[in-house]
Amino acid sequence: MKVTFPDIGKELDMEPRSLVSDACERAGMPLDLVCGGNGTCGKCLVDIEEGGVRSTVLGCQQRISCDMRIFADTSQKEHQLLVTESTDGADFEPRLRKVSISRSSLQAPMGGYDFECLEQAVSLQSDVQVEPLAYDLLNKLSALVHQSSCSQIAAIVDGARIVDLREDDGSTRLMGFAVDIGTTSVVAFLYDLETGKLIDHRSSLNGQCRYGADVISRIEHTERDADGSFLEQKAIFETIDSLARELCEDQGVCPTDVYETVLCGNSTMQHLFLGVSPKPLGRSPFVGLMAHAAEVPAARTSIAMNERGILRFMPLLGGFVGADTTACLLELPDDGRVRMMIDLGTNCEVAIGTPERMLVASTACGPALEGAGISMGMRATDGAIEHVSFDEGSGTFSIKVIGDAAPVGFCGSGIIDMVATLLDIGIINRKGSFVKGKSRDAHPLGSRVRESEDGRRFVLVEPDEHPDGREISITLKDIRAIQLAKSAIFTGCTLITSTYGIKPGEIEEVCLAGAFGNYIDIPHAQLIGLLPSIPDVPIRSIGNGAGLGAQHYLISEKVRGQADAIRRNTTHIELASNPEFTDVYMKGMAFECYNML
Amino acid sequence: MAILDEIKEAVVDGETDEIEELVQQAIDEGIDPNVIINDGLIGGMDIVAPLFRDGEMFVPEVMEAADCMKLGTALLKPLLGDAGMETKGKIVIGTIDGDLHDIGKNLVVLMLESNGYEVIDLGIDVEAETFAQAVEEQKPQIVGLSSMLTTTMMQMDTTIKCLEDKGLRDQVKVIIGGAPITQEFADEIGADGFSKDASACVELCDSIVNAA
């Protein structure tokens with residue numbers, strides 16, 4: 001059967017009765033199989049055309065019975081991601097350098113040696129005392145000096161090591177990638193390592209999404225399938241490779257000019273990138289492989305860059321707290337002040353302290369804040385309600401939908417606004433339940449609280465108010481899921497502060513990292529107790545800290561030193577083993593504008 | 001008897017400050033301690049269970065209700081005489097090896113105790129051997145395994161195999177629960193039952209004990 005992908009210009013031959021999702025995976029356009037392909041989550045909806053009829057189907061259930069066209073969900077590829085501004089070349093102090101040497105200056109004296117000549121030339125130009133040349137470059141050196149007719153030779157120096165020697169005809173450039181591997185999305189930044197300037201960036205879904213939506217299901221996949229770790233490594237290599245190729249093609253950069261790729265991501269992403277089973281991470285005592293920065297030779301990956309280049313995964317901090325947190329912490333000012341950093345994502349990490357002494361913990365907040373497990377929850381793509389507010393004058397809600405489309409569901413920031421607004425106008429009480437009985441009848445919006453078999457729900461958009469006749473609502477069970485998630489974060493903030501040995505008022509600033517932190521309405525998040533509100537302590541978003549941290553790491557040797565210091569000075573704490581945990585967690589479930597305990 | 005209704009209401013509302021006073025009042029009025037437990041305290045928990053199932057009441061409120069139940073029972077136990085409290089059965093329970101989550105499991109324990117079961121709680125991160133030992137020594141009718149993570153739930157299979165190896169499997173019914181658990185998984189590993197939440201767990205145990 002012929003399957004065409006008109007949007008990405010691909011064509012495949014698929015066996016009859018194979019799944020649409022398999023075809024998409026082979027075409028390099030993996031669908032989001034959150035439920036593992038069981039046909040229950042509805043996240044893999046895709047548009048197809050068979051016999052001239054276009055329809056939307058569940059990719060994990062639909063089988064191919066005749067020639068078919070499958071359309072890319074462009075909204076998914078370009079879904080709302082926070083790619084914060086570049087580093088502006090700040091702290092440019094590259095580890096990698098290109099040293100250009102004239103061949104004539106490599107003429108050894110009588111009885112002398114080629115390498116020692118090169119060593120001296122490099123040291124004269126760059127102040128770096130290089131190590132003796134590796135075996136596989138000795139041949140190359142001899143050929144360049146004695147056989148070629150080139151006038152300039154470029155030595156690519158990584159720290160104190162020459163990693164490549166090549167003819168330098170003036171077009172040789174030195175480039176690098178910084179990659180932020182999120183569980184869901186991957187962002188790649190292309191840098192010119194000779195100037196420290198950001199050239200461009202690209203993002204896409206993490207190809208591992210086909211194996212599960214969150215880190216736990218990815219870990220589980222590696223346990224279930226003997227090839228799991230290999231397949232997940234292959235998937236992330238492919239994702240990074242396609243971003244790398246796209247960047248190089250669009251910017252006219254030759255992949256052989258790329259000599260370094262710096263990566264950050266959570267602990268599971270590190271294991272899977274290294275092709276190592278993250279199984280020990282999945283259960284107590286949550287042991288990881290290596291906290292130090294891990295180096296992988298480019299030749300051992302399938303990623304488009306020079307085969308003599310190197311990939312470096314940034315250092316980890318303990319348990320589930322990985323290199324993404326290290327990267328975020330690098331973005332906090334280095335001024336000795338005590339800060340709290342909250343990284344809101346699929347997994348929420350909390351840190352407190354100064355670079356000299358830091359505590360970190362991960363909270364079991366689950367993916368509810370990103371819309372998963374919410375009846376009408378969805379990713380931040382077209383049709384997602386991202387903001388909700390209530391106008392008391394007119395007594396109506398106003399909603400903001402991504403892509404100015406008809407609303408389909410809520411993304412994380414929309415759910416938080418929804419809950420905060422309902423709390424504010426008294427539709428839900430402090431315990432999280434909808435008003436009932438007389439107070440419901442007396443409330444001007446009480447009639448929007450409806451009964452159904454699965455419990456009660458609040459209708460935000462009635463079918464007759466919706467262009468496609470849909471009802472948009474939030475259920476009591478959704479609110480319960482938000483309560484569990486927000487209390488997990490609240491508990492993390494509270495316990496890490498008390499473990500650090502200070503009072504909340506002694507924190508000088510609360511910083512939010514992660515894309516999500518930029519989109520949520522902070523006062524609303526504080527109103528429902530999702531974020532701490534401490535009198536006189538400012539709270540601000542630092543944007544996509546992980547992506548920025550990885551970029552800084554790429555272009556600065558000093559930042560690499562700081563990252564290593566953070567690794568040494570940070571202690572990971574396990575929240576669940578704190579005797580106060582249950583008490584704080586229970587208290588944190590109510591909707592109060594909290595002062596932390 | 002108005003006081004029993006007041007006790008019921010106090011349990012539902014989680015009035016931990018008032019419950020002991022109300023129970024004492026009922027005792028002073030000469031009401032049979034068994035009646036106070038069954039019609040007052042357990043009566044209250046019977047109202048709580050369906051409200052929790054529908055999301056109308058939430059974990060912290062259910063915990064408070066169960067605390068009321070505990071406080072009240074503590075006052076009444078000494079008055080029950082030699083017969084003590086009637087129990088429906090004995091259950092050994094714990095969170096599986098490698099898993100540290102205990103809030104859901106604790107809720108199940110509270111609900112079971114509130115419904116007249118004697119529960120032996122082995123805590124968290126409980127190895128298969130420990131479960132087997134408890135089954136051997138305590139001779140419960142039911143053993144309950146809890147897991148919060150998909151990465152730890154396979155340990156349930158290990159625990160069931162361990163019970164089989166020690167020849168204990170026929171002596172108990174194994175029931176399982178936790179966020180990632182499904183009926184299919186329970187069938188796959190040969191568990192005798194699964195429940196999706198704490199109130200459903202009480203119904204499950206009732207049906208097992210009644211069938212015996």
Side-chain angles (χ1 to χ4, degrees), chain A residues 36 38 40 212 214-224 268 277-287 364 366 373 430-434 436 451-457 475-481 483-484 487-488 491 574-578 581-583 585-591, chain B residues 12-14 16 48 50-67 94-107 109-110 121 123-127 146-158 178-182 184-185 188 196-199:
Chain A
N38 291 322
T40 52
D214 54 32
V215 293
I216 295 291
S217 49
R218 303 268 169 87
I219 297 174
E220 192 208 0
H221 170 247
T222 67
E223 290 187 45
R224 208 175 50 227
T268 308
S277 165
K279 186 179 169 185
L281 266 184
R283 39 178 304 178
S284 171
F286 312 108
V287 172
R430 300 278 154 192
K431 286 180 174 176
S433 185
F434 288 129
K436 52 182 134 192
E451 303 278 344
S452 59
E453 266 182 34
D454 298 335
R456 295 191 291 160
R457 67 185 194 281
T475 68
L476 196 47
K477 284 181 184 162
D478 295 341
I479 294 168
R480 298 316 192 185
Q483 282 178 281
L484 289 175
S487 185
T491 307
E574 178 57 46
L575 296 172
S577 57
N578 188 311
F581 182 81
T582 303
D583 262 4
Y585 188 51
M586 288 300 142
K587 287 200 182 100
M589 273 185 231
F591 288 123
Chain B
V12 176
D13 293 343
T16 45
V48 169
L51 288 174
F52 175 57
R53 190 188 54 218
D54 295 342
E56 292 291 342
M57 275 181 83
F58 203 36
V59 185
E61 299 152 70
V62 176
M63 292 279 205
E64 279 178 356
D67 277 345
T95 302
I96 209 79
D97 192 11
D99 205 319
L100 306 177
H101 294 88
D102 64 351
I103 290 175
K105 185 244 342 167
N106 291 348
L107 195 60
V109 171
L110 288 171
D121 184 355
I124 55 171
D125 203 0
V126 180
E127 289 181 12
S146 165
S147 152
M148 176 72 178
L149 304 169
T150 49
T151 46
T152 56
M153 67 187 204
M154 283 317 291
Q155 293 301 312
M156 292 182 164
D157 189 27
T158 316
I181 309 297
T182 58
E184 289 73 48
F185 180 73
E188 194 183 310
K196 68 172 177 44
D197 61 43
S199 54

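Side-chain atoms are counted along with the backbone in the values below, which use heavy atoms only and exclude waters and symmetry mates.
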Could you tabulate the donor-acceptor pairs under 3.5 Å formed by side-chain atoms of residues 53-64 of chain B, not counting sequence neighbours?
unit_1 : atom_1 : unit_2 : atom_2 : d
B/E56  : OE1    : A/S433 : OG     : 3.3
B/E56  : OE1    : A/R456 : NH2    : 2.8
B/E56  : OE2    : A/R456 : NE     : 2.5
B/E56  : OE2    : A/R456 : NH2    : 3.3
B/E61  : OE2    : B/F58  : N      : 3.2

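The CD1 atom of A/I219 sits 11.0 Å away from atom OG1 of B/T152, with the distance rounded to the nearest 0.5 Å. Between atom CD1 of residue B/I96 and atom CZ of residue A/R283 there is a gap of 9.5 Å, rounded to the nearest 0.5 Å. With rounding to the nearest 0.5 Å, the separation of CG in B/L149 from OG in A/S284 is 10.0 Å.
Using a 4.5 Å cut-off between heavy atoms, A/K436 contacts chain B through its side chain alone, with no backbone atom that close. Using a 4.5 Å cut-off between heavy atoms, B/D97 touches chain A through backbone and side chain atoms alike. With a 4.5 angstrom heavy-atom cutoff, A/E453 does not touch chain B via any of its atoms.
No side-chain heavy atom of A/F581 sits less than 4.5 Å from a side-chain heavy atom of B/L100.
Between chain B and the residues A/K477, A/R224, A/K431, A/E223, the largest count of heavy-atom pairs under 4.5 Å involves A/K431.
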